[in-house]
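Let me begin by presenting the structure, written as structure tokens, before commenting on it.
So you know, we letter chains A, B, ... as the sequences are listed, proteins then strands, and number each from 1. Source: prediction; values computed, not measured.
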Number of protein chains: 2
Amino acid sequence: MVQAPSRRDRLRAATTQEIIQTARRLLVTEGPEAASLRAIAREMGMTAPALYRYFGSHEDLLRHVVGDIFTDLAGYVDAAIHAAADAAPPGTDPDEVWAVKLIAAARAFRAWTLAHVPEFSLIFGSPLPGLEALHEVAVDPTIDCGYKFGRLFLDLFSELYRCRPFPIPADDQIDPSLRDQLARYRNLIGSKLPLGALQTFLRCWVLLYGTVSLEVFGHLQFALDDPAPMFELMLSDLAPLVGLESPARSR
Amino acid sequence: MVQAPSRRDRLRAATTQEIIQTARRLLVTEGPEAASLRAIAREMGMTAPALYRYFGSHEDLLRHVVGDIFTDLAGYVDAAIHAAADAAPPGTDPDEVWAVKLIAAARAFRAWTLAHVPEFSLIFGSPLPGLEALHEVAVDPTIDCGYKFGRLFLDLFSELYRCRPFPIPADDQIDPSLRDQLARYRNLIGSKLPLGALQTFLRCWVLLYGTVSLEVFGHLQFALDDPAPMFELMLSDLAPLVGLESPARSR
DNA sequence: CGCTTGAGTGAACGCTGTAAAGCTTCAAAA
DNA sequence: TTTTGAAGCTTTACAGCGTTCACTCAAGCG
């Protein structure tokens with residue numbers, strides 16, 4: 001009973017994407033509160049209720065914007081990963097390329113964030129609107145753009161551990177409660193990493209997220225005008241966690 | 001030319017505080033968007049325009065709420081610090097008490113946050129409203145409740161370093177740009193700490209903020225249901241930074 | 001007594017998200 | 001070829017928002 005999408009469907013799908021793009025553009029250029037249904041519709045030469053043909057509510061639309069942003073971010077990080085691999089000198093130890101990629105991914109995450117502060121606030125900020133705007137998109141496996149984004153780092157991390165295992169805590173060294181949760185998480189993502197490696201992965205994510213969000217939300221401004229060096233410092237904290245001695249070479 | 005506040009002024013001051021409390025209560029119990037001027041006024045048996053006698057705008061009111069929350073948080077952490085000192089066994093090395101206090105302060109920060117998620121979102125979340133709602137309060141030295149909060153940790157940190165110096169990077173080991181900023185910051189707060197200690201202080205803050213906000217904003221839920229062990233893990237990362245071997249004793 | 005001042009009100013403006021009803025257009029069925 | 005039905009959209013309406021303005025009322029003071 002599957003039938004090819006009619007011309008109408010294709011048109012409509014195109015419009016859906018247009019609405020999302022318009023909403024995102026307004027959100028970025030005019031601020032979050034300017035991305036009202038009416039403003040978006042106005043921008044598209046429509047009226048606000050028309051948008052209810054495409055989205056169930058204003059929040060639903062924003063959810064799709066979040067998904068769009070997530071795939072955008074993932075694409076950027078992914079591109080940076082490949083660029084880093086291509087830029088590696090020919091003689092480089094192939095195992096070390098994974099480490100280079102991981103550092104590049106972290107830097108790309110920060111770079112994208114700094115260039116897309118409003119977007120970052122929407123997808124990684126406090127879930128002010130209704131607590132679930134981000135959450136559902138990030139977790140729901142059907143619209144799981146956030147999941148794909150995390151996967152990007154996890155795969156890199158896995159390959160790095162596979163090729164060049166770094167010291168991780170043994171299972172019985174992990175807090176029992178944490179161990180159980182890590183086992184469940186590993187099962188969920190179908191990974192074969194040791195639990196200790198997953199713990200280290202999450203520690204890295206805490207460091208990365210904390211540093212970047214602290215910087216972009218301005219909660220470091222009480223001390224620093226330019227938190228960039230703090231990010232590099234964080235990288236040099238992160239490096240030994242994954243068995244790297246020199247944090248990174250180029251900046 | 002300083003004259004005692006008239007009875008009217010005192011009454012008005014009392015009402016100002018009442019408005020802030022009402023706003024905060026609505027914010028916490030009904031969510032951020034329920035804390036509208038009209039709702040606040042309604043709750044107080046007034047009309048919305050009346051509030052303009054006390055605050056310049058809705059955002060201005062929220063700024064005062066932020067200040068109120070900050071002093072609340074600071075008070076909680078401060079109490080926890082004193083409680084930790086009192087609870088220390090009589091024979092404890094007096095120098096080590098500073099370490100115990102610092103760990104207690106970090107735990108208190110997390111505990112308060114978990115018990116006050118909406119408040120935390122308001123003061124430490126993404127500055128959605130207008131980018132400056134928090135910023136001004138946290139930085140402006142006249143309403144500097146956020147400053148006092150940071151001072152709490154800094155003083156503890158300073159004493160710990162004074163009594164039991166831990167290894168810190170030498171000045172010439174610090175990134176030059178960061179070094180300049182740290183020097184400016186040290187000058188701003190009138191501290192005598194070495195720049196390397198200030199750098200370590202900020203690294204601790206990054207760790208603490210990152211862990212707690214990641215937990216409370218749900219950005220760790222993709223992997224963990226209960227991020228509490230991650231916090232303890234963070235504490236054990238933080239401990240060696242300040243020269244502690246065992247992360248902490250009691251939970 | 002009259003004047004000033006401050007607190008508070010009600011009405012209004014333009015904005016918001018959302019619901020209901022009606023209109024137009026067009027593909028597919030009769 | 002005509003009819004039907006639904007998609008896409010508009011118009012209208014409602015309740016609520018922040019904010020402004022003109023106004024009243026009571027208290028304080030010379």
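In this model, the phosphate group of dA19(C) is not approached by any side-chain N or O of Tyr52(A) to a distance below 4.0 Å at OP1 or OP2.
Ring centroid separation for the pair Phe153(A) and Phe157(A) does not come in under the 6.0 Å cut-off. A distance of 6.0 Å or more separates the ring centres of Phe217(A) and Tyr209(B).
Atom pair Glu33(A):CD and dG14(C):P shows a separation of 20 Å (rounding to whole Å applied). Separating the CD atom of Glu30(B) from the C1' atom of dG16(D) is a distance of 15 Å, rounded to the nearest angstrom. Spacing between atom CE of Met44(A) and atom C1' of dG8(D) amounts to 13 Å, rounded to whole angstrom units. For the pair His58(A) NE2 and dA15(D) C1', the interatomic distance rounds to 18 Å; values are reported in whole Å. When the P atom of dA20(C) is taken as reference, atom CZ of Arg53(A) falls 13 Å away, rounded to whole Å. Between the CE atom of Met46(A) and the C1' atom of dA7(D) there is a distance of 12 Å, rounded to whole Å. Between the CD1 atom of Ile19(A) and the P atom of dG8(D) there is a distance of 10 Å, rounded to whole Å. Computed from coordinates, the Asp60(B) CG to dT19(D) C1' distance equals 14 Å when rounded to whole Å.
Every residue two or more places apart in sequence or in another chain that forms a side chain to side chain donor-acceptor pair (under 3.5 Å) with Arg184(A) is listed here: Asp225(B).
Under 4.0 Å is where a charged nitrogen must lie from a carboxylate oxygen, and between Arg25(A) and Glu30(A) no such pair does.
For the segment residues 35-43 of chain B, residues with any heavy atom less than 4.0 angstrom from an atom of DNA chain D are, sorted by number, Ser36(B), Leu37(B), Arg38(B), Arg42(B).
Closest to the Pro49(A) side chain, of the nucleotides dG10(C), dT12(D), dT19(D), is dT12(D).
For the residue pair Asp68(A) / Gln21(A), a side-chain donor-acceptor distance below 3.5 Å is found, with atom types taken as modelled.
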Give the intermediate values and the outcome of side chain to side chain contact (heavy atoms under 4.5 Å, CB included) for residues Glu43(B) and Ile40(B). CA-CA 5 Å; Glu43(B) 201 80 358; Ile40(B) 297 164; 5.6 Å; no

